[in-house]
Amino acid sequence: MKQEIFNEIKDRVTRLVAERRLREAFALTRSLAEGNMRWEASDRVARAEENYRYMLEYAARGADDPGRDKMAEALGNTVLEVADMLDRENRAIDSTSLYYNTLRFERLRPAETPAALLGDYLRQASAASPLAIAAKGLDERERRQERSALEGMERRLFNRLWVTHPLSGADAQAVRDALASPVAPSYFGELLIGALMLGELEFHDPAKLELLMEAYAAAPEGRRGATALIAMLIAAHRWRNRPLDDRACARLDAIRELPGWKTDLHTAYMELARTRDTERLTAKMRDELMPTMMRLRPDLEKKLGKANLGELDPESIEENPEWEELFEKSGLADKMREISEITMEGGDIMMSTFGSMKSHQFFSDAANWFIPFHADRSEFAGPAAKFASFLEPMPFLNDSDKYSVALQLSQMPPEQARMMMGQLEQHGDQMAQAQAEALNARAADRRNVINKQVQNLYRFFNLFRRKGEFFNPFADGVSLVEIPAIAPDVSDSSTLGVVGEFYFRHKYFAEALAAFRVLEREGETSDALYQKIGHALQRLGRSEEALRAFEQADMLNSGSAWTLRRLARGYLSAGRAREALAALDRLEAIEPDKGANALLRGHCHLQLEEYDDATRALYKADYLDPRSGKALRPLAWALLMRRELEQSRKYYERLIAGHDPIPADYLNLGHLSLAERRFREAMNFYKLNITARRDPAKPGTSGENASRQEAVEGFIADMRSDSQALLRIGVDPKLLPLITDSILYELS
């Protein structure tokens with residue numbers, strides 16, 4: 001079946017299950033299975049439907065059944081699992097993605113199950129242990145060969161576990177045994193966790209999710225626990241619309257008893273939230289900081305009198321007022337301070353540096369992105385092994401970036417490599433000192449471990465050469481509050497408040513709103529919360545909802561000028577000018593004689609066609625804030641509507657001379673000229689209006705070079721809508737079609 005058609009049917013099945021319309025879901029899935037001649041799948045659906053009918057019959061008798069909802073969820077999950085299996089088989093026929101290429105390769109070796117491969121690997125790992133190698137008396141070349149052979153088995157195992165779906169009981173048990181094995185290398189467990197997570201992101205398998213939970217519970221405080229935690233949360237978010245089965249719920253309940261669970265979850269949520277900002281930080285480093293530094297380089301070299309800026313002593317720069325002045329004037333100092341603050345917060349500023357260093361063949365294999373960095377790799381020989389040993393304990397680099405640096409160093413001339421190592425060591429010392437000075441060094445260390453696991457995954461999903469073939473959990477963000485099973489654990493104000501504030505501060509308003517709404521549902525009420533909800537809604541274009549939020553904030557604190565100002569603007573935008581004026585009356589008592597408030601008042605009276613009051617308010621706004629020119633346009637219009645034509649012209653001319661005119665200004669000057677019976681002048685202004693509509697550089701235009709016909713139609717529409725205003729200033733509406741036609745003749 002064509003994949004597009006299959007996708008449509010599967011989407012419908014998913015919607016039916018979500019709506020609890022299981023009868024239709026059973027029928028559609030069964031027909032899908034039979035159409036693809038998957039009789040086993042058809043039988044499984046039939047058995048599930050039979051159980052569903054028994055449940056309905058039992059319910060029809062009026063019998064009380066507390067497990068009914070759980071059973072309905074389980075039957076819905078069965079339908080979705082069958083749909084997944086059919087989808088997978090349909091794609092496996094001819095999909096060219098890496099997942100299906102790997103799947104077809106593995107199907108040629110049916111006997112090599114994950115359990116069988118894990119058994120072989122553990123035996124090989126035991127034979128390749130340092131003690132075993134020492135006993136064999138192998139030289140460096142032979143040792144590298146053994147190491148390379150073991151790495152080949154690791155990649156093969158990763159691929160097999162990744163594409164095995166669903167995981168059998170024997171395979172799941174083999175993974176448990178391997179995770180607990182003292183024979184396996186310390187990094188091996190994290191590789192298995194990566195394979196489980198990657199497979200789970202492709203198709204939901206309760207056994208894989210359960211193994212991730214177990215991996216966290218077995219060693220919650222270690223590095224492996226942090227890796228399992230992030231993998232588990234990402235997988236749970238991927239399938240957040242599918243209810244957890246009883247076994248997974250029991251596992252989660254057991255995890256909740258762990259003493260560090262809440263702290264880990266809070267930290268993980270924050271670090272996952274930070275990934276939303278990585279793209280912005282990367283762009284800032286690439287487009288702002290680096291170009292500024294490159295522009296400054298000639299001045300730096302000139303002032304220093306040296307060709308090599310690498311010889312600069314940072315302390316001497318700080319002590320030199322000329323340098324400080326140069327940095328401040330260029331804006332570099334502000335950028336550096338911002339980058340420093342972002343670094344201290346845990347922002348991923350390294351993405352821009354290391355994003356371009358993933359072209360080595362090592363990164364062409366998906367498995368290599370999930371192997372924790374360790375110096376005992378076959379790629380590192382001779383001096384490169386020393387470099388790798390130096391990098392291994394560095395806490396400020398994630399594994400992926402350590403591999404980038406080590407592979408780069410191994411290809412550099414020794415002198416250049418030593419210089420780079422020196423710079424890294426200095427940076428590492430600074431980070432270590434900052435961490436040591438932290439109030440809670442242990443918490444800072446745990447946060448760093450979780451942060452680095454998140455960065456490892458972010459690198460893979462955004463930099464892997466075939467990244468487009470994978471579901472990217474970071475594309476739309478990982479919001480733990482959207483996972484029903486996890487939401488109760490992160491709905492407290494201490495967690496959601498921090499996460500929401502991060503999103504809000506960095507202008508991710510949809511995510512901030514989701515966090516704030518949960519806080520609201522949990523019973524938190526404060527004017528500050530509703531102010532932020534209102535602002536987020538406003539920035540998302542949901543004006544009516546924003547206004548309701550500002551009203552809530554005002555009820556809780558009637559003395560906030562910030563809230564009153566936004567209430568006034570919201571009412572004005574909604575066409576509720578009387579209510580806006582009432583809010584402005586209260587605002588005036590708090591902030592008397594403020595130009596922005598007078599300007600708002602003028603707009604309210606304009607909307608109500610109260611031109612005398614509008615003129616008084618706008619004169620005041622112009623007097624209080626003459627430099628901005630914001631009052632000129634509405635004041636000129638108010639004077640025009642009062643037929644104070646000479647005064648109106650004065651303000652329009654001042655507007656056009658000192659500020660950027662918009663097409664409406666020429667239109668209104670045309671109206672003014674008509675009222676003064678200067679018909680030729682009016683036509684000239686109207687033609688300027690049409691011309692300005694076609695100029696994308698003019699403020700108030702669409703930004704696109706509108707066609708002549710569009711510009712003319714826009715002009716005609718505005719003339720019609722202004723007909724009552726023209727009548728007010730003494731212009732006969734019957735003149736308008738004549739003037740329009742005259743203009744069109746001249747333009748043709």
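Hydrogens, waters and symmetry mates are skipped; everything else that's a heavy atom, side chains included, is used. Predicted model only: the values in this text are computed from it and were never measured.
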Centroid-centroid distance, [X] to [Y], less than 6.0 Å:
X    : Y    : answer
F550 : H535 : no
F715 : Y686 : yes
F685 : H671 : no

Please verify the inter-ring angle class for Y508 with Y503; under 30° counts as parallel, over 60° as perpendicular, anything in between as tilted.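 Aromatic pair Y508/Y503 classed perpendicular.
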Which pair of non-hydrogen atoms, one from [X] and one from [Y], has the smallest distance, and what is that distance?
X    : Y    : answer
A675 : L645 : CB-CD1, 3.9 Å
R576 : L547 : NH1-CD2, 3.4 Å
S494 : H266 : O-CE1, 3.2 Å
D489 : D492 : O-OD1, 3.6 Å
V481 : S491 : CG2-OG, 4.3 Å
V499 : A273 : CG1-CB, 4.2 Å

Indicate whether the side chain of [X] and that of [Y] have a donor and an acceptor atom separated by less than 3.5 Å.
X    : Y    : answer
D612 : T615 : no
R693 : N689 : yes
N557 : S560 : no
E551 : Y530 : no
Y652 : N668 : yes
T563 : Q531 : yes

Please check: side-chain N/O of [X] versus main-chain N/O of [Y], any donor-acceptor pairing under 3.5 Å?
X    : Y    : answer
S558 : M555 : no
S648 : E644 : no
E24  : R21  : no

Measure the shortest side-chain to side-chain distance between [X] and [Y] over non-hydrogen atoms and say whether it is less than 4.5 angstrom.
X    : Y    : result
L688 : L669 : no
L736 : S723 : yes
R728 : Q724 : no
L735 : F679 : yes
N472 : K467 : no
F474 : V454 : yes
V490 : V518 : no
R633 : I662 : yes

Just wondering, are more than 12 heavy atoms of other shown residues or ligands nearer than 6.0 Å to [atom1] in [X]?
X    : atom1 : result
K630 : NZ    : no
R20  : CZ    : yes
Y623 : OH    : no

Can you tell me how far [atom2] of [Y] sits from [atom1] of [X], rounded to the nearest 0.5 angstrom?
X    : Y    : atom1 : atom2 : value
L672 : E646 : CG    : CD    : 10.5 Å
L632 : D665 : CG    : CG    : 9.5 Å
L480 : H237 : CG    : NE2   : 7.5 Å

Quick test of your reading of the model: are [X] and [Y] salt-bridged, counting only N-O distances below 4.0 Å?
X    : Y    : result
R276 : E271 : no
K594 : E588 : no
R238 : E482 : no
D613 : R601 : no

Qualifying residues under ring-ring contact (aromatic ring centres under 6.0 Å, His included), relative to F470, sequence neighbours excluded: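 F470 satisfies ring-ring contact (aromatic ring centres under 6.0 Å, His included) with W162, F460, F464 once adjacent residues are dropped.
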Are R566 and W562 in a cation-pi setup, meaning NZ or CZ lies under 6.0 angstrom from the ring centre and within 45 degrees of the ring axis?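 Because its charged atom sits under 6.0 Å from the ring centre and within 45° of the axis, R566 does stack over W562.
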